[in-house]
Amino acid sequence: MKKFLWLSLFLLFVSIIIKWNSHTSIKPPPILGEIPEFHFINSVNDQPFGLEQLRGKINVIDFIFTRCNGPCPIMSKKLSRLYHEFSDNNLVQFISISIDPKNDSSEVLQRYAKEYGVNDTRWYFLRGEMSDIIEFSKTGLKLAADGLPTMHSTSFVLIDDNLRIRGYYDSQDDSRIELLETTLSLLAQDMVSRHQ
């Protein structure tokens, strides 16, 4: 019985060490650039939304449109999982930008948000002029924007609290989503330690 107890304790200790090492071995993501000023509209209150609404938060940005029958529902489902995973962390927020402004009115985006369980101000759905959307995608986030709305990036873009691009995460790759989740936690912890 003692042997079994010691073996169990040893295996528990080893598993803790392995988990700790795997967590601490993840390096902070590189700085890939800074995002420029942009001007969109928050679909909840039709108020302007720009850099100031991102500053001081860790942000995950994607491009979607509500009539999409392809990747958008999958992307929104995965973002919804992250949104709920970080429900107790006000440092992390999510931004979905519609690439179909003609059809995605504020009311349509509000209904879409409810479908994915959005019930607070940690996940924003933005709309704007198509020319501004294309410019922000290409120049601001360094993503392709040809052939919108049907042809669009399916990556999640990670922006830190200082408005710097910290990574691109393929929404179709579950391993990249897991890495995004871990990186969000690390950046949030780093942000807290910097402000203590």
Side-chain angles (χ1 to χ4, degrees), residues 23-24 26-64 75-76 78-99 101 104 106 109-110 112-114 116-129 132-143 145 153-171 176-196:
H23 181 71
T24 56
I26 296 174
K27 296 178 181 176
I31 297 169
L32 303 174
E34 294 186 13
I35 58 172
E37 185 63 69
F38 65 91
H39 303 281
F40 294 127
I41 298 296
N42 180 353
S43 65
V44 172
N45 54 20
D46 286 330
Q47 293 297 308
F49 191 105
L51 285 185
E52 287 310 307
Q53 283 68 42
L54 299 185
R55 193 184 309 277
K57 301 280 186 176
I58 298 154
N59 306 275
V60 180
I61 299 178
D62 73 347
F63 292 93
I64 53 97
M75 293 170 67
S76 295
K78 291 184 178 182
L79 212 58
S80 176
R81 187 180 69 77
L82 288 172
Y83 164 79
H84 288 97
E85 186 73 26
F86 286 88
S87 61
D88 61 346
N89 192 330
N90 288 326
L91 298 178
V92 178
Q93 66 183 13
F94 305 90
I95 293 92
S96 291
I97 302 169
S98 170
I99 49 175
D104 286 344
S106 291
L109 287 171
Q110 286 174 36
Y112 188 82
K114 284 181 183 176
Y116 290 95
V118 178
N119 56 18
D120 60 21
T121 58
R122 293 179 303 108
W123 189 355
Y124 296 91
F125 288 79
L126 309 181
R127 50 194 304 274
E129 297 294 328
D132 294 334
I133 294 166
I134 291 171
E135 178 68 18
F136 183 64
S137 181
K138 285 184 172 179
T139 306
L141 299 181
K142 312 292 189 268
L143 295 173
S153 171
T154 58
S155 289
F156 297 133
V157 185
L158 178 61
I159 310 294
D160 69 17
D161 56 308
N162 290 312
L163 310 176
R164 301 173 302 188
I165 300 171
R166 301 301 294 270
Y168 298 89
Y169 300 83
D170 182 359
S171 65
R176 294 293 293 165
I177 301 303
E178 287 178 17
L179 179 59
L180 172 58
E181 184 175 349
T182 301
T183 307
L184 283 170
S185 295
L186 289 175
L187 287 181
Q189 290 169 12
D190 176 65
M191 187 176 165
V192 168
S193 66
R194 282 188 282 115
H195 290 89
Q196 283 180 340

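Residue numbers start at 1 and run along the sequence shown.
- Of the candidates Tyr124, Phe156, Phe125, Trp123, Trp123 is the only one forming a ring pair (Phe, Tyr, Trp, His ring centres under 6.0 Å) with Tyr83.
- The two atoms that bring Pro36 and Leu51 nearest to each other are O-CD2, 3.5 Å, heavy atoms only.
- In terms of heavy atoms, Glu37 sits closest to Gly50 at OE2-CA, 4.2 Å.
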Might you work through the side chain to side chain contact (heavy atoms under 4.5 Å, CB included) test for Ile159 and Leu141, ending with a clear yes or no?
CA-CA 10 Å; Ile159 310 294; Leu141 299 181; 4.1 Å; yes
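- Residues forming a salt bridge (Lys or Arg N to Asp or Glu O under 4.0 Å) with Asp160 (at least two apart in sequence, or on another chain): Arg164, Arg166.
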Might you work through the side chain to side chain contact (heavy atoms under 4.5 Å, CB included) test for Val118 and Phe94, ending with a clear yes or no?
CA-CA 10 Å; Val118 178; Phe94 305 90; over 6 Å; no
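- If you check the side chains of Ser96 and Tyr112, you find no donor sitting under 3.5 Å from an acceptor.
- The CG atom of Asn162 sits 8.5 Å away from atom CD1 of Ile31, with the distance rounded to the nearest 0.5 Å.
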Run the side chain to side chain contact (heavy atoms under 4.5 Å, CB included) test on Leu54 and Ile95 for me, step by step, so that the C-alpha distance in whole Å, both residues' side-chain angles and the decisive distance to 0.1 Å come before the verdict.
CA-CA 9 Å; Leu54 299 185; Ile95 293 92; 3.6 Å; yes
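- One distance of note links CG of Asp132 with CG of Leu126; it measures 12.0 Å at 0.5 Å rounding.
- In this structure, OG on Ser185 lies 11.0 Å from CG on Leu91, to the nearest 0.5 angstrom.
- Between Gly128 and Pro101, the shortest heavy-atom distance links the atoms O-CB, 3.1 Å.
- Using a 4.5 Å heavy-atom cutoff, the side chains of Lys142 and Leu32 are not in contact.
- Here the closest non-hydrogen pair linking Gly140 and Ile35 is O-CG2, 3.6 Å.
- Pro48 is not listed as a side-chain neighbour of His39, based on a closest heavy-atom distance of 4.5 Å or more.
- Taking CG from Asn89 and CG from Leu184, the interatomic distance works out to 8.5 Å, rounded to the nearest 0.5 Å.
- Using a 4.5 Å heavy-atom threshold, the side chains of Met75 and Thr154 count as touching.
- We find the CG-CD1 distance between Leu143 and Ile165 to be 8.0 Å, quoted to the nearest 0.5 Å.
- Remark: side-chain polar atoms of Asp104 are not paired, donor with acceptor, to backbone N or O of Ser98 under 3.5 angstrom.
- Under the salt bridge (Lys or Arg N to Asp or Glu O under 4.0 Å) criterion, Glu135 pairs with no residue, sequence neighbours left out.
- Under the 4.5 Å side-chain criterion, counting only non-hydrogen atoms from C-beta, Glu181 is in contact with Leu82.
- Residue pairs satisfying the salt bridge (Lys or Arg N to Asp or Glu O under 4.0 Å) criterion with at least one member in residues 50-60, sequence neighbours excluded, are listed as follows: Glu52-Arg55.
- Ser137 places no side-chain N or O within donor-acceptor distance of the main-chain N or O of Ile134, the cut-off being under 3.5 Å.
- Between atom CG of residue Asn42 and atom CD of residue Gln47 there is a gap of 8.0 Å, rounded to the nearest 0.5 Å.
- A 4.5 Å side-chain heavy-atom check between Val60 and Tyr169 finds every atom pair outside the cut-off.
- For the pair Arg176 and Leu179, the minimum side-chain heavy-atom distance is below 4.5 Å.
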Walk me through whether Asp62 and Ser171 qualify under side chain to side chain contact (heavy atoms under 4.5 Å, CB included).
CA-CA 9 Å; Asp62 73 347; Ser171 65; over 6 Å; no
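- Gln110 places a side-chain N or O within 3.5 Å of a backbone atom of Ser43 that can act as its donor or acceptor partner.
- Scanning for ring-ring contact (aromatic ring centres under 6.0 Å, His included) contacts around Tyr168 gives an empty result, with sequence neighbours left out.
- Looking at Asp190 and Pro28, their side chains never come closer than 4.5 Å, going by heavy atoms from C-beta outward.
- The ring-ring contact (aromatic ring centres under 6.0 Å, His included) check on Phe136 picks up Phe38, Phe40, with sequence neighbours excluded.
- Judged as a salt bridge (Lys or Arg N to Asp or Glu O under 4.0 Å), and not counting sequence neighbours, Asp46 has no contacts.
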